[in-house]
Amino acid sequence: MPFLGQDWRSPGQNWVKTADGWTRFLEERHSSYVSDINRCVAQRCCAGGGWRRCYSLPCVIHSYCKKEDYNKENLFNSMNYDVAAKKRKKDLLNNKTKIQYFHQEKWIYVHKGSTKERHGYCTLGEAFNRLDFSNAILDSRRFNYVVRLLELIAKSQLTSLSGIAQKNFMNILEKVVQKVLEDQQNIRLIRELLQTLYTSLCTLVQRVGKSVLVGNINMWVHRMETILHWQQQLNSIQITRPAFKGMTFTDLPLCLQLNIMQRLTDGRDLVSLGQVAPDLQVLSEDRLLWKKLCQYHFTDRQIRKRIILSEKGLLDWKKMYFKLIRCYPRKEQYGDTLQLCRHCHILSWKGTYHPCTANNPESCSTSLSPQDFINLFRF
């Protein structure tokens, strides 16, 4: 099949970077050369009813050749300076960049193969760049979802992220840490996330020679130092007592306190709440509370395989819960999730507009858990 592009035998063009942008150096040289020749040849004046020809053309050509050599030398020097400056700028951006890559559309079309209409496939890094995770962490309904997704990526998908996706990942993680430091909530959740990420990086950095991670090893070492700094900030955080003087949690009736404690889905939160006051310690040991927690996360068959009896011969639901979470995954529930449209195969946040041609787009949407989101990009 013949090549229909530009002839590869053409000599090419020289470009020079100026304050206004890149200009074609060959055109400027050629135009100045032609204009000088035309000016020289055209210097014929009418004398005595005839025309007098100018014979200074060799001088013009000689001066132009000197000018050409001078311009070539300046072009070579400017190219060297531009390459050095560009390299320094690139190294600075790799280490200290805070730029977030945004897209106007907050949705992405998920396709896993090439068709007549589309060529290629969607990757995890591309989806991570297109979806609005930066603003999702500011929404309390989406915060736990994004944190869980970051944890899954830190465990097994770091090698799948491109360079831009890595920067976005670290920028979003930094915003999560700053949010926790400001509002002093979800501290344990972010500690576990940072520890998981640091452990994964320690394993992968040792194998950088095998091209496991994308990027320079010095850049990853710098990121690991940043993670250690974030961990120190979270460990040194001091919870401040609210300044307002009003009704507190312990002022509520016991039935209301127990009802609120039943809304907690993590047993570690119940243990931490019981350490606040002696009265809450008694409520946190309630057997019915731990029984409902076990039945919420695990099936009856799983519970029957991990039965633990107390000294009085009763089921110790608290010990059973902590044994069950080491054997089986807990039930995940989020206020807001990513949704995949089965009609147009577009992935977006719930309530976000996407161009769907279905008559009822809401009926075609399927909620995705963080693990389902990761599995969606495994080929």
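Scope of the values below: all heavy atoms of this structure, side chains included, with no hydrogens, waters or symmetry mates.
Put simply, Ile237 and Leu194 are part of the same group of oily side chains (I, L, V, M, F, W, Y) that touch within less than 4.5 Å, one to the next. Tracing side-chain contacts under 4.5 Å through hydrophobic residues (I, L, V, M, F, W, Y), one reaches Ile307 starting from Trp317; they form part of the same cluster. Linking ILVMFWY side-chain heavy atoms closer than 4.5 Å, directly or via other members, places Leu288 and Ile303 in two distinct hydrophobic clusters. By the criterion of side-chain heavy atoms lying less than 4.5 angstrom apart, applied directly or through intervening Ile, Leu, Val, Met, Phe, Trp or Tyr residues, Leu254 is not grouped with Val282; the two fall into different hydrophobic clusters.
In the model, His229 has a side-chain atom that pairs as donor or acceptor with a side-chain atom of Gln233 under 3.5 Å. In the model, Ser134 has a side-chain atom that pairs as donor or acceptor with a side-chain atom of Lys175 under 3.5 Å. Ser272 and Gln275 share no donor-acceptor pair across their side chains, judged by distance under 3.5 Å alone. Side chain to side chain, Gln166 and Arg223 meet the donor-acceptor criterion of an N or O pair below 3.5 Å.
The CD atom of Gln157 sits 10.0 Å away from atom CZ of Phe373, with the distance rounded to the nearest 0.5 Å. Rounded to the nearest 0.5 angstrom, Ser284 OG and Asp269 CG are separated by 12.0 Å. Rounded to the nearest 0.5 angstrom, Ile190 CD1 and Glu151 CD are separated by 9.5 Å. Between the CG atom in Leu149 and the CG atom in Asp372 there is a gap of 11.0 Å [rounded to 0.5 Å]. Taken to the nearest 0.5 Å, the CG atom of Leu234 stands 11.0 Å off from the CD atom of Gln184. Here the CG atom belonging to Leu131 is positioned 5.5 Å from the CG atom belonging to Leu338, to the nearest 0.5 angstrom.
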| Asn235/Gln231 under side chain to side chain donor-acceptor pair (under 3.5 Å): CA gap, chis, key distance, verdict | CA-CA 6 Å; Asn235 293 332; Gln231 288 178 333; over 6 Å; no
| said: Could you go through Leu197 and Phe169, starting from their C-alpha distance and side-chain angles, then the distance that decides it, and tell me whether this counts as side chain to side chain contact (heavy atoms under 4.5 Å, CB included)? | reply: CA-CA 11 Å; Leu197 178 59; Phe169 180 87; 4.0 Å; yes
| request: Could you please spell out the steps behind the side chain to side chain contact (heavy atoms under 4.5 Å, CB included) verdict for Ile308 and Leu315? | output: CA-CA 6 Å; Ile308 299 177; Leu315 293 177; over 6 Å; no
| task | Output, in order, the C-alpha distance, side-chain angles, deciding distance and verdict of salt bridge (Lys or Arg N to Asp or Glu O under 4.0 Å) for Arg142 and Asp336. | result | CA-CA 5 Å; Arg142 302 176 180 177; Asp336 195 1; 2.8 Å; yes
| said: Under the criterion side chain to side chain contact (heavy atoms under 4.5 Å, CB included), I'd like the reasoning laid out for Ile153 against Leu161: C-alpha separation, chi angles, the key distance, then a yes or no. | reply: CA-CA 9 Å; Ile153 293 176; Leu161 299 180; 3.9 Å; yes
| query | How far apart are the C-alpha atoms of Met320 and Arg306, what are their side-chain angles, what is the distance that settles it, and do they pass the side chain to side chain contact (heavy atoms under 4.5 Å, CB included) test? | reply | CA-CA 6 Å; Met320 289 173 57; Arg306 299 292 186 271; 5.7 Å; no
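Taking each heavy atom of Ser367 and Gln339 in turn, the nearest pair found is OG-NE2, 3.6 Å. Nearest approach of Ile346 to Tyr109, heavy atoms of both residues: CG1-CD1, 4.1 Å. Among all heavy-atom pairs drawn from Gln281 and Gly274, the shortest one is OE1-O, 2.9 Å. The two residues Tyr328 and Lys305 come nearest to each other via the heavy atoms OH-CD, 3.8 Å. What you find for Ser363 and Arg342 is that their closest heavy atoms are O-NH2, 3.0 Å. Residue Leu264 comes nearest to Leu293 through the heavy atom pair O-CD1, 3.6 Å, listed as atom of the first residue, atom of the second, then distance.
Listed for the Asp251 side chain is a donor-acceptor partner under 3.5 Å among the backbone atoms of Thr248. Between the side chain of Asn186 and the backbone N or O of Leu189, no donor-acceptor pair lies under 3.5 Å. In this structure, Ser365 contributes its side chain and Cys341 its backbone to no donor-acceptor pair below 3.5 Å.
Two residues are said to be in side-chain contact when any heavy atoms from C-beta on lie closer than 4.5 Å; Thr337 and Ser369 fail this criterion. Put simply, the side chain of Met224 reaches to within 4.5 Å of the side chain of Tyr198, judged on heavy atoms. Looking only at side-chain heavy atoms (C-beta outward), Thr159 and Leu204 come within less than 4.5 Å of each other. Phe249 has its side chain out of reach of Val276: every pair of non-hydrogen atoms, C-beta onward, lies at least 4.5 Å apart. When side chains are defined from C-beta on, Leu314 does not count as touching Leu309, because their heavy atoms never get closer than 4.5 Å. Taking the side chain as every heavy atom from C-beta outward, Trp107 and Leu347 never approach each other to under 4.5 Å.
The side-chain tip of Lys179 points at the ring of Phe143 from less than 6.0 angstrom away and within 45° of straight on.
Exactly one residue among Leu256, Asp286, Leu283 makes a side chain to side chain contact (heavy atoms under 4.5 Å, CB included) with Met261. That residue is Leu283.
Salt bridge present: Arg330 and Asp266 bring a charged side-chain N and a carboxylate O closer than 4.0 Å.
Remark: Asn360 pairs with no residue by the side-chain hydrogen bond (donor to acceptor under 3.5 Å, both in side chains) rule, at least two apart or across chains.
Tyr145 has its ring centre less than 6.0 Å from the ring centre of Trp349.
For residues 253-264, the set of pairs meeting the side-chain hydrogen bond (donor to acceptor under 3.5 Å, both in side chains) definition, not counting sequence neighbours, comprises Asn259-Arg263. Applying the side-chain hydrogen bond (donor to acceptor under 3.5 Å, both in side chains) rule to pairs touching residues 288-303 yields Tyr296-Gln333, sequence neighbours excluded.
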